[in-house]
Amino acid sequence: MRVGIGYDSHRFDPGLPMVLGGVTIPGEPGLTGHSDGDAVAHAVIDALLGAASLGSIGEHFPDTDPALEGCDSLELLERTVRLVEERNYRVSNVDVTVIAEHPPIQPHAGEMSALLATRLRVRPEAVSVKGKSNEGMGWVGRGEGLAALAVAVLSHIDDGDPLDSGSRGG
């Protein structure tokens, strides 16, 4: 079993759509970024890469690569899962916390979990997404942007995982 922690943060940009965990949230300012700015997907990618000792998101998907400009971060997540599987690991579970004053995360958490689970090749109940306020403190509390933390657990492909029950699909 391997465990990784991921973090990402982005500033708000009212000229962009808000995408978190693959879900577009209407009426909210988007997030700056070279890709679609999906801080949830980016934190999960970093957690997976860390757990597999594969470096960081910037090493695999640099913001200097013009081919990645505006790309769908869930596609990058799928590519990351393939990298992890090439190392003979599979995702067991992922836990994500979004730290933001807005948008509210809970109304979208189930959809985010389902979309992430499909790309991670796990059941939706193996992915937890939740939101926390920063209680008005710091740059997040002032509403300048948001941050996401993720923890990923990987199991060696040959190991049994009672949470997985042999299922590889979402």
**Message:** If you apply the rule side chain to side chain donor-acceptor pair (under 3.5 Å), what do you find for K132 with T97, and how did you get there?
**Reply:** CA-CA 7 Å; K132 298 289 181 185; T97 301; over 6 Å; no
**Asked** E85 and R121: salt bridge (charged side-chain N to carboxylate O under 4.0 Å, His left out), yes or no, with the steps?
**Response** CA-CA 11 Å; E85 290 173 344; R121 303 181 203 214; 3.6 Å; yes
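Contact detail for S73 and S35: the closest heavy-atom pair is OG-OG, 3.3 Å. Here the closest heavy-atom approach between residue L48 and residue V91 is recorded as CD2-CG2, 3.7 Å. Heavy atoms only, all atoms of each residue included: W139 and S9 are closest at CH2-CB, 3.5 Å. For the residue pair L146 and M18, the shortest heavy atom distance occurs at CD2-CE, 4.2 Å. Here the closest heavy-atom approach between residue A47 and residue A150 is recorded as CB-O, 3.6 Å. The two residues H108 and I25 come nearest to each other via the heavy atoms NE2-CG2, 3.6 Å.
To the nearest 0.5 Å, atom CD1 of residue I45 and atom OG1 of residue T80 are 4.5 Å apart. Atoms CD1 and CG, from I57 and L49 in turn, are 7.5 Å apart once rounded to the nearest 0.5 Å. Note that the CG atom of D46 and the CG atom of L54 stand 11.0 Å from one another [nearest 0.5 Å]. Note that the OG atom of S92 and the NE2 atom of H156 stand 12.0 Å from one another [nearest 0.5 Å]. Between atom CD of residue E135 and atom CD of residue E101 there is a gap of 7.0 Å, rounded to the nearest 0.5 Å. The distance from the NE2 atom of H60 to the CG atom of D65 is 13.5 Å, given to the nearest 0.5 Å.
A side-chain contact (heavy atoms from CB on, under 4.5 Å) with V81 is found for exactly one of L120, V122, V44, namely L120.
Proximity of a side-chain donor or acceptor of D38 to a complementary backbone N or O of G21 within less than 3.5 Å is detected.
Side-chain contact between R119 and L115: absent, with no pair of heavy atoms (C-beta onward) separated by less than 4.5 Å.
The ring of H42 has its center no closer than 6.0 angstrom to the ring center of Y7.
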